[in-house]
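As structure tokens, the structure follows; a few thoughts come after it.
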Amino acid sequence: MIDIEGVSYRIGGQDILRDVSLQMGPGGVIALVGPNGAGKSTLLSLIARLNALQSGRITVNGLPVGQVADDRLARELAILPQDLTVTIRLTVRDLVGFGRYPYHKGRPSEADDALVTQALGNFDLQDLADRVLETLSGGQRQRAFVAMAYAQDTAYLLLDEPLNNLDIAASRALMARLRALAIEKGRTVVIVLHDINYAAAYADRIIALKGGMVIADGAPKQIVTEGLLRDVFETDAKVFRVDDRSVVLV
Amino acid sequence: MRIGVSLLTLTIMALASLFVGVIDLTQAEDAEIWPLIRDSRFPRTVATLLTGASLAIAGQIMQTIARNRFVEPMTAGTGQGAALGILLAVVLVPGAPLSLQMLLASGTALCSSLGFFALTRRLPPTQPLLVPLVGLIYGGVIGAAVTYLAYQVDMLQVIEIWMNGEFSGTLRGRYELLWLAGLAALLSYLVADQFSILGLGEQVSLNLGLNYRQIVLLGLIMISVVSGLTVVTVGMIPFVGLVVPNLISRVAGDNLRRALPLTAIAGAGLVLAADLLGRLVIHPFEMPAGTVIGIVGAAMFLWLLYGSRRLAG
Ligand SMILES: Nc1ncnc2c1ncn2[C@@H]1O[C@H](COP(=O)(O)OP(=O)(O)OP(=O)(O)O)[C@@H](O)[C@H]1O
Ligand SMILES: [Mg+2]
């Protein structure tokens with residue numbers, strides 16, 4: 001379980017997160033939604049110790065974030081950051097291979113290589129495996145990074161807008177893959193999404209963040225309503241029910 | 001395969017280097033040959049190889065840490081920092097042994113590298129040319145400070161030796177410190193994966209459980225030790241750390257586990273070739289290897305810059 005207790009975060013006198021308390025998992029796909037600047041990326045970066053906590057407490061599977069050794073946490077939790085600029089020339093296989101680093105520390109075993117090959121296959125990257133990242137399209141590169149996080153093979157997976165640049169087939173395939181991870185292996189996937197329809201279709205739970213606070217939290221069926229879209233995003237969009245699922249008409 | 005061919009080329013060049021000099025080995029007395037090779041030609045050849053390999057690797061690691069293709073220790077302040085250290089050692093402790101000079105040189109080189117990274121850390125990544133530009137200015141300022149200090153203590157001529165690297169002084173008993181530089185470069189191969197991950201940025205490094213600060217510091221120490229040792233023994237040699245990693249990145253990518261051996265071989269080859277050339281062009285006089293590389297390296301770098309534009313366009 002990811003246990004967040006009373007986490008607040010300020011940058012330059014401005015409140016970015018205000019007293020956020022949440023429990024996530026174990027197991028399931030949890031969508032984090034909210035307008036630009038709501039604090040979604042900040043929350044994920046705190047859980048993944050990319051930024052240091054200022055107040056409050058976060059534990060991942062009982063491990064206190066900020067105190068537990070970095071490499072221990074790296075075998076428990078993986079994060080795909082929102083900003084993925086690459087300045088070095090690496091092949092897709094090299095990149096995905098680094099996902100195994102927390103386990104092999106520079107000496108990959110055959111099992112590590114097998115997992116890398118499997119990750120490449122799962123995200124449809126076999127044909128691109130030996131290409132250099134900078135020669136890929138935006139969506140292909142995004143998939144390579146997701147495959148790296150996947151290869152890290154952790155109980156908790158945090159993905160910040162993984163659907164960026166992905167076409168509809170790749171988006172649906174990725175979401176289905178994440179669902180399968182949650183159901184078959186009991187993994188906890190926390191995913192930042194902007195498209196509410198993907199959240200409604202694939203998540204077990206949606207958490208809406210606005211102005212650094214949690215303002216809605218629940219199952220998609222209860223959460224995705226015209227009222228919520230007004231409250232959270234300040235936009236008037238119609239919501240219909242199709243096949244027992246809420247669909248936002250954009 | 002690639003490594004095999006380059007190693008063979010390097011060996012042939014190294015053998016050639018043993019035969020080039022003021023004294024023609026084919027004309028020399030048998031009794032003279034062995035001492036000549038042992039005391040002068042062999043040390044000189046080994047010195048060029050060690051210097052080239054370790055400077056190229058230091059450049060590669062510096063570029064990976066800075067996440068910028070256009071920096072290298074000898075232009076971004078590390079080399080100038082080393083020169084400052086040597087000068088301080090010579091001034092403060094007259095007759096300072098080489099080991100003390102080396103220690104101080106590595107220490108000041110480390111301080112100035114830390115300063116460089118503190119300065120460039122906050123530069124916007126959208127402006128990649130700002131980093132080398134700041135580096136040049138920063139290195140220039142430290143270099144100027146060294147010159148000023150040397151002027152004050154009447155040692156301008158002495159610092160010339162460190163500011164422009166050459167190998168004519170690498171005799172037996174006076175080049176052995178370079179083995180340490182080679183060792184530092186070799187050790188960096190053990191943490192090649194960690195350095196490669198640094199190149200993916202702080203966030204990805206942290207995600208993979210890397211102790212980011214510790215590995216950055218390790219890299220900077222390695223760069224500083226190599227700079228300190230090479231400046232003490234042969235002086236500053238520019239461009240090796242810049243051109244070679246760029247060249248190798250083209251052919252082998254930036255996965256350092258694969259790239260570093262090639263970087264080492266190419267760096268050793270470049271410096272050896274420059275030294276050979278310097279010994280041949282105005283024979284029986286010599287042109288400093290640093291000068292030769294300044295010319296050849298600048299040309300190669302321009303070619304790399306424009307070549308990349310052609311590839312990208
Ligand atoms: N380094 C920083 N300095 C100042 N303000 C920052 C910094 N990083 C984030 N912020 C502010 O913190 C707030 C939350 O940012 P965050 O990136 O968490 O938003 P987000 O919910 O992920 O938004 P998006 O959907 O656009 O990715 C924003 O208002 C942003 O301007
Ligand atoms: Mg964000």
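In what follows, every chain begins at residue 1, and chains take the letters A, B, ... in the order their sequences are listed. The analysis underlying the following values was restricted to heavy atoms, covering all of them including side chains, and did not include hydrogens, waters or symmetry mates.
With sequence neighbours excluded, the residues satisfying side-chain hydrogen bond (donor to acceptor under 3.5 Å, both in side chains) with A:E76 are A:N61, A:R72.
Between chain B and the options A:T154, A:L90, A:L77, the largest number of non-hydrogen pairs under 4.5 Å is found for A:L90. Ranked by heavy-atom pairs under 4.5 Å with chain B, the first of A:D71, A:L80, A:I88 is A:I88.
Contact between B:R250 and A:R89 at its shortest, heavy atoms only, is O-NH2, 3.6 Å.
Atoms CG and CD, from A:D70 and B:Q214 in turn, are 10.0 Å apart once rounded to the nearest 0.5 Å.
Using a 4.5 Å cut-off between heavy atoms, A:I79 contacts chain B through both its backbone and its side chain. Contacts of A:A78 with chain B are made by both backbone and side-chain atoms, with heavy-atom separations under 4.5 Å.
Using a 4.5 Å heavy-atom cut-off against chain A, the contacting residues of residues 192-210 of chain B are B:D193, B:Q194, B:S196, B:I197, B:G199, B:L200, B:Q203, B:V204, B:L206, B:N207, B:L208, B:G209, B:L210. Within residues 25-33 of chain A, no residue has any heavy atom less than 4.5 Å from a heavy atom of chain B. Residues of residues 119-128 of chain A placed with any heavy atom under 4.5 Å of a heavy atom in chain B are absent; none qualify.
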